[in-house]
Amino acid sequence: MPTVLDGIISGVREDLGRRRAALPLTELEARLGAVGPALDPMPGIRSAEGVAVIAEVKRSSPSKGALADIPEPGVLARSYAAGGASAISVLTEERRFSGSLADLDDVRAAVRTPLLRKDFMVDAYQVTEARAHGADLVLLIVAALDDALMRDLHEQARDLGMTALVEVHDAAELDRALALDPVLVGVNARNLKTLEVDPRTVTALLPRVPEGVVGVAESGVSGPADVATYVRAGAGAVLVGEALVKDGHPEAAIRSFIDVATAVRASARLGAAGE
Ligand SMILES: O=P(O)(O)OC[C@@H](O)[C@@H](O)c1c[nH]c2ccccc12
């Protein structure tokens, strides 16, 4: 039976075919020279106080429909940056998430924060496209890729100076992700085959992410308490969409995530010191 993920990917392939017909790869590649070099998000993510927040621009989702009216993604992105986000994720998938490359362009023009193109990457063209539109990171969803393609896209991103966020939601996928020698591994609490959110996916798998690789807890953060749970499980970063686009004060929300994470880490240090 086709899963939700299969359905999304077939739409993505159709839309991609249309864009590629309008702008062949060689012409797209010719545009790369005009964008500045990709930003390295890792120093900022690794040195973030408490937890690195990756704040997402997300208009809708397949499970909930429309989430927020975002007339100017760049304006939202500026408040994310002001709140202390270490990176900003922009959903560019059109059919289920109502995103677009125009949203990515708008955010790129507004902030200097590292940007993640959040989409269902199944073709090298999309990675080149991400860079041409100013993205510094791309998402690679292990469940959507076979090992050979995943390796190719990962290498391509690296060759373009970009960083891949490799996303998993079970132990077998985590093993496949780690074989790439990634710097950033995301554990998604939302199973993309069923759309169900289970934070235990994150708390079970994050402790298995090796030292030196930053583990990103994705989905299901509705407030600081969820951030605390994820940080206790070892999250170096949290990726938050819905809660931030719905919050009238995303800056303050991001600060509250950072504050709770800082407190969790401080008490963990006290605990380790035996106090
Ligand atoms: O809105 P949430 O529950 O905070 O989730 C954000 C992010 O994790 C989610 O948008 C996401 C994670 N992985 C994805 C892959 C494709 C599309 C979307 C996603």
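In this chain, numbering begins with 1 at the start of the sequence shown. When a ligand or atom number is given, it counts from 1 through the structure's own listing order.
- Between the Arg265 side chain and the Val231 main chain, no donor and acceptor come within less than 3.5 Å of each other.
- By the 4.0 Å heavy-atom criterion, Arg190 is counted among the residues contacting ligand 1.
- Taking a cut-off of under 4.0 Å to the non-hydrogen atoms of Glu242, the atoms of ligand 1 that pass are 1 (O), 2 (P), 4 (O).
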### Message
Please determine whether side chain to side chain donor-acceptor pair (under 3.5 Å) holds for the pair His133 and Asp105, giving the CA-CA distance in whole Å, both sets of side-chain angles, and the decisive distance to 0.1 Å.
### Response
CA-CA 6 Å; His133 287 265; Asp105 292 337; 2.7 Å; yes
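- Of all atoms in ligand 1, listed by their number and element, those nearer than 4.0 Å to a heavy atom of Glu218 are 8 (O), 12 (C), 13 (N).
- In terms of modelled atom types and a separation under 3.5 Å, the side chain of Gln126 and the main chain of Asp123 share a donor-acceptor contact.
- The shell of residues lying under 4.0 angstrom from ligand 1, judged by heavy atoms, excludes Val221.
- Annotation for ligand 1: atoms under 4.0 Å from non-hydrogen atoms of Leu239 are 6 (C), 7 (C), 8 (O).
- Looking only at side-chain heavy atoms (C-beta outward), Val209 and Leu174 come within less than 4.5 Å of each other.
- For atom 8 (O) of ligand 1, the nearest protein heavy atom (residue, atom name, distance) is Ser219 OG, 2.8 Å.
- The distance from ligand 1 to the heavy atoms of Lys58 drops below 4.0 Å at these ligand atoms: 1 (O), 2 (P), 5 (O), 6 (C), 9 (C), 10 (O).
- Taking every heavy atom of Leu139 and a limit of under 4.0 angstrom, the matching atoms of ligand 1 come to 15 (C).
- Nearest protein heavy-atom neighbour of atom 17 (C) of ligand 1: Phe97 CZ, 3.4 Å.
- Protein heavy atom at the shortest distance from atom 10 (O) of ligand 1 is Glu56 OE2, 2.5 Å.
- At the top of the distance list for atom 13 (N) of ligand 1, counting protein heavy atoms only, stands Glu167 OE1, 2.7 Å.
- Counting heavy atoms from C-beta outward, Arg95 and Glu14 have side chains that approach closer than 4.5 Å.
- Atom 14 (C) of ligand 1 has as its closest protein heavy atom Lys118 NZ, 3.4 Å.
- An N or O contact shorter than 3.5 Å is missing between Ile141 and ligand 1 by distance.
- Residues Glu129 and Leu104 form no side-chain contact, since every pair of their non-hydrogen atoms from C-beta on lies 4.5 Å or further apart.
- Ranking protein heavy atoms by distance to atom 3 (O) of ligand 1, first place goes to Gly220 N, 3.2 Å.
- Counted by atom type alone, Asp6 and Thr3 present one or more donor-acceptor pairs between their side chains at under 3.5 Å.
- Among protein heavy atoms, atom 4 (O) of ligand 1 sits closest to Gly241 N, 2.7 Å.
- When heavy-atom distances to ligand 1 are checked against a 4.0 Å cut-off, Leu244 has no atom that comes that close, whether in backbone or side chain.
- Taking 4.5 Å as the limit, some side-chain heavy atom of Arg117 sits within range of a side-chain heavy atom of Leu101.
- Side-chain contact between Ser63 and Arg190: present, with at least one pair of heavy atoms (C-beta onward) separated by less than 4.5 Å.
- For Ser219 and Glu242, the side-chain atoms include no donor-acceptor pair closer than 3.5 Å.
- Annotation for ligand 1: atoms under 4.0 Å from non-hydrogen atoms of Val240 are 4 (O).
- Every N/O-N/O distance between Phe120 and ligand 1 stays at or above 3.5 Å.
- Here the side chains of Thr163 and Asp136 are not in contact, with every heavy-atom distance at 4.5 Å or above.
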